[in-house]
Amino acid sequence: MLDYRQLLGLSAVLFGIGFVFQSIVPAQALPFGPSVSLGSNPVFAVQSSGSNGTLFTNSSTHPAIITDLSITQSTNSGVTCQLTFSVSNNGDSYRLFSNPAGVHGVASLNSGLQVPPGESLSFSGNGYCSGAAASGYYAH
């Protein structure tokens, strides 16, 4: 037979075990599927030929930041290739020129050119350009 100290100790242990099992919460899954990040800032690069057109359409849910632009001149005849890059619906634009000696035009934008979700980056030129390229990242 157990005396009162042993019964009190046994009841305290059983109470503690019951409290631990009571506090365990079952796992909950998110109702809308897996929660997977795009990474810290996923990068992209696009290119197009010609002097006019749409270079990039942001089909993600995050804003795209264009950090680098380049143009290719179609001839080395002493003319300057000029392209204007513009973002649809918000009026942001950037004009880039090449060297008349046929050197390609390249711009590294410090703050970047933002393309909101669903918007496009288009380019239009003076006819002496043979292509354009852009690179950047998706911001969170």
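Any value given below was found using the heavy atoms of this structure, including those in side chains, with hydrogens, waters and symmetry copies removed.
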**Prompt:** Does the Thr54 side chain pair with the main chain of Phe56, one donor and one acceptor, at a distance under 3.5 Å?
**Reply:** no

**Prompt:** Shortest non-hydrogen contact from Ala134 to Leu121?
**Reply:** CB-CD2, 4.3 Å

**Prompt:** With a 4.5 Å limit on heavy-atom distance, are the side chains of Arg5 and Leu8 in contact?
**Reply:** no

**Cluster check Phe15, Leu7: I/L/V/M/F/W/Y, side chain < 4.5 angstrom** = no

**Request:** With side-chain contact (heavy atoms from CB on, under 4.5 Å) as the test, would you mind laying out the steps for Ile71 and Phe123 before giving the verdict?
**Result:** CA-CA 10 Å; Ile71 58 176; Phe123 64 102; over 6 Å; no

**Message:** For residues Ile24 and Ile17: do they belong to one hydrophobic cluster (side chain heavy atoms under 4.5 Å, members Ile, Leu, Val, Met, Phe, Trp, Tyr)?
**Reply:** yes

**Request:** Mind running side-chain contact (heavy atoms from CB on, under 4.5 Å) on Leu109 and Asp68 for me, showing each step along the way?
**Result:** CA-CA 6 Å; Leu109 309 176; Asp68 299 297; over 6 Å; no

**Message:** Asn58 vs Glu119, test: side-chain contact (heavy atoms from CB on, under 4.5 Å). Steps then yes/no.
**Reply:** CA-CA 6 Å; Asn58 185 0; Glu119 303 293 325; 5.7 Å; no

**Request:** Begin with the C-alpha distance, continue with both residues' side-chain angles, and end with the deciding distance and a verdict on side-chain contact (heavy atoms from CB on, under 4.5 Å) for Ile66 and Val115.
**Result:** CA-CA 7 Å; Ile66 306 294; Val115 181; 3.9 Å; yes

**Heavy-atom pair with the smallest gap, counting every atom of Leu55 and Ala133** = CD2-C, 4.0 Å

**Prompt:** So, Asn52 versus Ser124: side-chain donor-acceptor pair below 3.5 Å or not?
**Reply:** no

**Message:** In the structure I gave you, are the side-chain heavy atoms of Thr67 and Ser135 within less than 4.5 Å of one another anywhere?
**Reply:** yes

**Message:** For Tyr137 and Phe44, I'd like to know if the aromatic rings sit close, meaning centre-to-centre distance below 6.0 Å.
**Reply:** no

**Request:** Taking the side chain as every heavy atom from C-beta outward, state whether Ser130 and Thr72 have any pair of such atoms under 4.5 Å apart.
**Result:** yes

**Prompt:** Would you say Pro116 and Pro63 make side-chain contact, with heavy atoms under 4.5 Å?
**Reply:** no

